[in-house]
Peer 1: 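After the C-alpha cells below, expect a handful of questions from me.
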Amino acid sequence: MKQNKDKNYAFRISEKDLKAIKQKAKKAKLTVTDYITKSSLDKDITVIEGLPEMVSELKRIGNNINQLTRLSNMREIAVVNLSETEYKLNEIYFALTEILKEANNNGNI
C-alpha cells in the first residue's frame with residue numbers, strides 16, 4: 001500500500017553530499033525522497049549489478065525457445081540443438097546464485 005506523503009521537511013546539505021545521495025538514489029532506481037526515507041528507516045537497499053543484462057538475456061532465450069516451439073508445432077523443424085542455450089542458462093543460474101550468496105552474507109536477505 002502506498003503511503004500518503006503529506007509532510008514536507010527541509011534540511012541543509014553540502015553540494016557534495018547531495019550529489020552523492022542523488023547518484024546512490026539513481027543507482028538504486030529510487031527517487032531521492034524514497035532513497036532517503038528507506039535509508040533512514042533502516043530498510044535494506046540492495047543494488048544488483050548486471051541484473052538488467054541477465055534479464056535481457058533470459059528474454060532473448062525465451063523468445064528463441066518460443067520461436068523454436070512454433071516452428072516445431074508447424075512441423076518446420078524436427079530436431080534442435082539447445083546445448084548453447086543450456087550453457088547460457090547455466091551461466092545465468094550460477095551468476096544469480098553468487099549474487100544471492102553475497103547478498104545473504106551481507107545480511108540483505
Peer 1: Just checking Glu15: does its CD atom have more than 12 heavy atoms from other residues, nucleotides or ligands closer to it than 6.0 angstrom?
Peer 2: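 No.
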
Peer 1: List the steps, then state whether side chain to side chain contact (heavy atoms under 4.5 Å, CB included) holds for Ile36 with Tyr9.
Peer 2: CA-CA 12 Å; Ile36 291 171; Tyr9 184 80; over 6 Å; no

Peer 1: Take a 6.0 Å sphere around CG of Asp6 and say whether it holds more than 12 heavy atoms from other residues, nucleotides or ligands.
Peer 2: yes

Peer 1: Are Leu89 and Leu68 connected into the same hydrophobic cluster when the rule is that any two of I, L, V, M, F, W, Y join if their side-chain heavy atoms are below 4.5 Å apart?
Peer 2: no

Peer 1: Show the numbers, then the answer: is there a side chain to side chain contact (heavy atoms under 4.5 Å, CB included) between Ile99 and Met54?
Peer 2: CA-CA 12 Å; Ile99 289 168; Met54 280 190 245; 3.3 Å; yes

Peer 1: Return the OG to CD1 distance between Ser14 and Ile21, rounded to the nearest 0.5 Å.
Peer 2: 8.0 Å

Peer 1: Please report the interatomic distance CG(Leu51) to CG(Leu96), rounded to the nearest 0.5 Å.
Peer 2: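 The CG atom of Leu96 is 7.0 Å from CG of Leu51, to the nearest 0.5 Å.
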
Peer 1: Would you say Val32 ends up clustered with Ile13 if hydrophobic residues are merged whenever their side chains have heavy atoms under 4.5 Å apart, either directly or through other cluster members?
Peer 2: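 Hydrophobic grouping puts Ile13 with Val32.
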
Peer 1: Do the side-chain N and O atoms of Asp34 and Thr31 include a donor-acceptor pair separated by under 3.5 angstrom?
Peer 2: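 Distance-only check passes for Asp34 and Thr31.
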
Peer 1: Do the side chains of Leu18 and Phe11 join up, straight or via other hydrophobic residues, at under 4.5 Å, putting them in one cluster?
Peer 2: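 Hydrophobic grouping puts Leu18 with Phe11.
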
Peer 1: Atom CD of Glu76 and atom CZ of Arg70: how far apart are they, to the nearest 0.5 Å?
Peer 2: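 That separation rounds to 11.5 Å.
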
Peer 1: Side chain to side chain contact (heavy atoms under 4.5 Å, CB included) between Leu30 and Thr37: does it pass, once the steps are laid out?
Peer 2: CA-CA 10 Å; Leu30 295 170; Thr37 301; over 6 Å; no

Peer 1: Please determine whether residues Ile65 and Val55 belong to a single hydrophobic cluster, defined as Ile, Leu, Val, Met, Phe, Trp and Tyr linked transitively by side-chain heavy-atom distances below 4.5 Å.
Peer 2: yes

Peer 1: Could you grab the distance from atom OH of Tyr35 to atom NZ of Lys29, nearest 0.5 Å is fine?
Peer 2: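 Answer for the OH-NZ pair, Tyr35 versus Lys29, is 14.0 Å.
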
Peer 1: Nearest 0.5 Å, please: how far is OH in Tyr93 from CD in Glu86?
Peer 2: 13.5 Å

Peer 1: Rounded to the nearest 0.5 Å, what's the gap from CG on Asn64 to CD on Glu84? Could you check?
Peer 2: 9.5 Å

Peer 1: Do Leu82 and Leu58 belong together in a cluster built from hydrophobic side chains that touch within less than 4.5 Å?
Peer 2: no

